[in-house]
Amino acid sequence: MHLAIYFAFILLVGLTGGGSRPDILSLLLLRPLAALFLIYIVWRISADELKAVRFPLLFIGSLMVIALLQLVPLPPVIWSSLPGREGVAQLDELFGMQDVWRPLSLEPSRTWNAFFSMFVPLVAVGFVGLLWNRERRWILPPILAMGVLSMVVGYLQALGADSLYFYRVTHGHHPVGLFANKNHQAVLLNWLLLTVCYMITRIDLRDRRASLRLASGLALVFLIYPLLFVTGSRAGLLLCAPVSVVCAVMLWQAPALNRAWQGSSRRVRLAITGLGGSVLAALAMVFGYLAITERQTALTRLFESDPADELRWIYLPKIFEMMRDYWLEGIGFGAFESVFYGYENVENLSTSYLNQAHFEPLQYVIETGLAGLLLLVAALVWVVRRLLRLWHAGDGKARILAVYLCGALGVWLIAGLVDYPTRTPLGQLVFAILTGFLAVSSIDLERHRKIG
C-alpha cells in the first residue's frame, strides 16, 4: 500500500512539477494533492520512522515557519525602518496611510507560493521515513524510473516531438524532458548517471537476472551521455566531467561488472553486445536528425555567447549589493524578482530579464536573511557529518553509498551556483529523497554497529 502511494506521488510530481514559475497551472493540482499525501503520512508514520528523518523534516519545517513569519503584519514604525521600505514609507506619509501594517515580505503572494511549494519536499522526506523499516530497497528505484522517463521524453523531443513540451514558457527546440528548463534537465541527467552506476554496484551476483540488470544499466549509461550533449546546457556538460569520475570510482568496485570484465559470464557479453548495437543505432538516428536541423547542442554552445547567461554575470555585483542590504531580515521567500527591478541598471535593460539570481546561496540569504543562513550552515554541517560517518564505517558498501550520496547531493548543490534546479518541485523531490536516504542510511549504520 505504501509503495503504491509513494509511486503515485513521484509520478504526480514528475508530470506536474517540472517548472518553478508561480503561474504554472499544473501547480494548482500538485499542491493540494501534496497536502493530501502529507495527511496520509502523518496518519501512518510511527515515532521511530519519524525520528529517522528528523533533521530533514525539521529543516523544511523551519523554512516553512520562516515563510509564515515573513507574512505576519508588522507595526508601521518597525516596517518603515527596515531597508528597502523608504519609498513606500514616503508614499504612506503623502497619502495619509502611516497606520497600515505590512508583512516583512516585499512580495507576500510569492512568499505564500514558496510556503506551499515546500509541501512537496516535506512529503518526499516523510515517505522515506515511512518506507525505512519496510521496503527501503524501493526508495531509489521509483525516482530512478522517473529520471529515465525524463530521458526518454528528452530523446523524443530531440527527434522533433514538439507536442511533448509540457510548459508554455520553456526552452523550445531543446530536449528538456519533464522540465521546462534545459539546465534542470541536464542536472537530472547527471544525477541519473550517478544513480544508475550506484545501482550497478548493488547488483547481487546470486540473482539469476544479474546479467540482464548489468547490461540494462550499462545501456542506460550509454544513452545518458549523448543526451547531455544535445540538451544544450553548458553547465550540465561541464558538470558531467566530475560526475564521470565519481561514476568510475563506483563502477570500479561493482562486483557484477568485475565479473563481466573477467570473462566469467558469457550471457553478460552477449547482452551488452546486443544492447550496445541497439543504443548505437538509436544514437545514429538522433545525431543524424540533429545534423540536418538547427537545434543547438551543449558542445557547440560552449564557445558561443548567450545574452541570457551573460545577464547573470553582469548583474552579479547588484546581487551582492542586495545581499548586503537584506542579509539580516531578508526580503521574503520568492520576492527576489520584484525587488531586483529596483537594482537594475538602465543601460542593461533588455527584453531578457532575471527571474532568479541563478546563484542559489546568495538568493537564499537575500530572501531569508540571517535566520535562513544559520539554518543552511547547520544543514551543511549535518550532511558532511553523516557522509563522514558512512565513509568511516569501514564497510565497502557503506563507502560506496557515501561516494554516491556525496556526488548525488553535490550535483544539485553545485548546479545551484549557476542556476536554480531545486526551486522546481521535481528538483525538490529528488533532493529531498536523497537527503532522507542519507538520514536513514546513517540510522541503519548505527543499528549495524550495535548488533556487531
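Computation of the quantities below employed the complete heavy-atom set of this structure, encompassing side-chain atoms and omitting hydrogens, waters and symmetry-equivalent molecules. All figures in this text were calculated on a predicted structure; none of them were measured in a lab.
- Using a 4.0 Å cut-off between a side-chain N of Lys or Arg and a carboxylate O of Asp or Glu, Glu360 and Arg423 qualify as a salt bridge.
- Looking only at side-chain heavy atoms (C-beta outward), Leu426 and Phe179 come within less than 4.5 Å of each other.
- Under a 3.5 Å cut-off, the side chain of Glu107 and the backbone N or O of Val339 do not form any donor-acceptor pair.
- Between the CE atom of Met146 and the CD1 atom of Ile433 there is a distance of 7.0 Å, given to the nearest 0.5 Å.
- Using a 4.5 Å cut-off on side-chain heavy atoms (C-beta onward), Leu189 and Met151 make contact.
- Judged by distance alone, with hydrogens and angles left aside, the side-chain atoms of Ser216 form no donor-acceptor pair with the main-chain N or O of Arg213 at under 3.5 Å.
- You'll find the side chain of Asn181 reaches within 4.5 Å of the side chain of Tyr420, heavy atoms only.
- Ring geometry, Tyr6 versus Phe127: the interplanar angle falls from 30° to 60°, so the pair is classed tilted.
- Counting heavy-atom neighbours within 6.0 Å of Arg168 CZ, excluding the residue itself, gives a total of 12 or less.
- The shortest heavy-atom contact between Leu104 and Gly332 is CD2-N, 4.4 Å.
- Side chain of His171 to backbone of Lys182: a donor-acceptor contact under 3.5 angstrom is found.
- In this structure, the side chain of Asn190 engages the main chain of Gly236 through a donor-acceptor pair within 3.5 Å.
- Looking at Tyr364, its side chain does come within 3.5 Å of a backbone N or O of Gly372 through a donor-acceptor pair.
- Residues Gln70 and Glu367 share a closest heavy-atom pair of NE2-O, 2.8 Å.
- No side-chain donor-acceptor contact under 3.5 Å links Gln363 to the backbone of Gln356.
- Inspection of the Arg31 and Asn113 side chains reveals an N or O donor paired with an N or O acceptor under 3.5 Å.
- Ring planes of Phe119 and Phe115: perpendicular class, angle over 60° (limits at 30 and 60°).
- Ring geometry, Phe59 versus Phe55: the interplanar angle falls under 30°, so the pair is classed parallel (tilted spans 30 to 60°).
- Classification of the Trp412-Trp191 ring pair by plane angle, with boundaries at 30° and 60°, yields tilted.
- Ser20 places no side-chain N or O within 3.5 Å of a backbone atom of Thr424 that could act as its donor or acceptor partner.
- For His358 and Phe336, the ring centers are positioned 6.0 Å apart or more.
- In this structure the side chain of Ser150 reaches within 4.5 angstrom of the side chain of Gln185, judged on heavy atoms.
- Judged by distance alone, with hydrogens and angles left aside, the side-chain atoms of Ser26 form a donor-acceptor pair with the main-chain N or O of Thr16 at under 3.5 Å.
- Of the possible donor and acceptor atoms, none in the side chain of Tyr198 sits under 3.5 Å from a partner among the backbone N and O of Val403.
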* To do: Show your reasoning for whether ring-ring contact (aromatic ring centres under 6.0 Å, His included) applies to Tyr40 and His2.
  => CA-CA 10 Å; Tyr40 173 80; His2 295 321; 5.8 Å; yes

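- Aromatic ring pairs are classed by plane angle as parallel below 30°, tilted from 30° to 60° and perpendicular above 60°; the pair Phe116 and Trp112 is parallel.
- Using modelled atom types, one side-chain atom of Tyr167 and one backbone atom of Gly18 make a donor-acceptor pair closer than 3.5 Å.
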